[in-house]
Amino acid sequence: MAPDHICKLISRKSSTRYSLRSSQRIMLEIPSAGKILSTLGGRAFCYAAPNLWNNLPCKISSLDSFSFKCHLKTYLFKQGFNL
């Protein structure tokens with residue numbers, strides 16, 4: 001659903017041949033450390049977006065578009081204000 005220039009920056013993590021709990025959800029590939037600069041690289045979109053997505057609770061990342069937005073706002077508000 002994202003524009004092409006954003007889709008080129010992130011990719012899905014390839015599935016493994018093992019049956020793991022993490023294989024139940026959509027995970028994004030985080031670029032290896034060799035490709036990322038030590039100072040600004042961690043804040044780059046291609047690194048930060050998959051990292052944030054993979055750290056979301058499964059119950060939020062598996063929702064549809066409208067429900068996702070509502071639950072994400074609530075989750076981030078609670079994280080920001082330590083509620």
Side-chain angles (χ1 to χ4, degrees):
M1 294 177 54
D4 288 336
H5 65 279
I6 291 177
C7 291
K8 291 177 184 176
L9 295 174
I10 57 175
S11 61
R12 279 188 169 184
K13 191 172 190 176
S14 59
S15 60
T16 62
R17 59 184 172 163
Y18 302 106
S19 178
L20 303 174
R21 282 182 288 174
S22 62
S23 65
Q24 301 294 326
R25 57 185 293 208
I26 298 172
M27 301 288 283
L28 299 177
E29 188 72 38
I30 298 174
S32 64
K35 296 180 183 177
I36 297 175
L37 300 174
S38 60
T39 55
L40 297 176
R43 293 183 291 201
F45 180 81
C46 63
Y47 178 77
N51 197 16
L52 291 171
W53 176 263
N54 292 345
N55 289 328
L56 280 177
C58 185
K59 65 180 185 176
I60 294 177
S61 62
S62 63
L63 295 171
D64 64 350
S65 180
F66 179 74
S67 297
F68 173 78
K69 291 176 186 178
C70 294
H71 285 86
L72 179 64
K73 287 179 185 179
T74 304
Y75 172 75
L76 293 175
F77 181 82
K78 288 180 179 179
Q79 291 291 317
F81 293 104
N82 296 321
L83 297 177

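By the side chain to side chain contact (heavy atoms under 4.5 Å, CB included) test, L9 pairs with F45, C46, sequence neighbours left out. Partners of K78 under the side chain to side chain contact (heavy atoms under 4.5 Å, CB included) rule, at least two apart in sequence or in another chain, are T74, L83. The ring pair (Phe, Tyr, Trp, His ring centres under 6.0 Å) check on F66 picks up nothing, with sequence neighbours excluded. Applying the side-chain hydrogen bond (donor to acceptor under 3.5 Å, both in side chains) rule to S67 yields the partners D64; only residues at least two apart in sequence or on another chain are considered. Under the ring pair (Phe, Tyr, Trp, His ring centres under 6.0 Å) criterion, Y75 pairs with no residue, sequence neighbours left out. By the side-chain hydrogen bond (donor to acceptor under 3.5 Å, both in side chains) test, N55 pairs with N51, sequence neighbours left out.
Listed here is the closest heavy atom pair of M27 and N54: CA-OD1, 3.5 Å. When every heavy atom of I60 is checked against every heavy atom of F68, the shortest pair comes out as O-CD1, 3.3 Å.
When side chains are defined from C-beta on, W53 does not count as touching I30, because their heavy atoms never get closer than 4.5 Å.
Here the CG-OG distance, from L52 to S61, works out to 12.5 Å after rounding to the nearest 0.5 Å.
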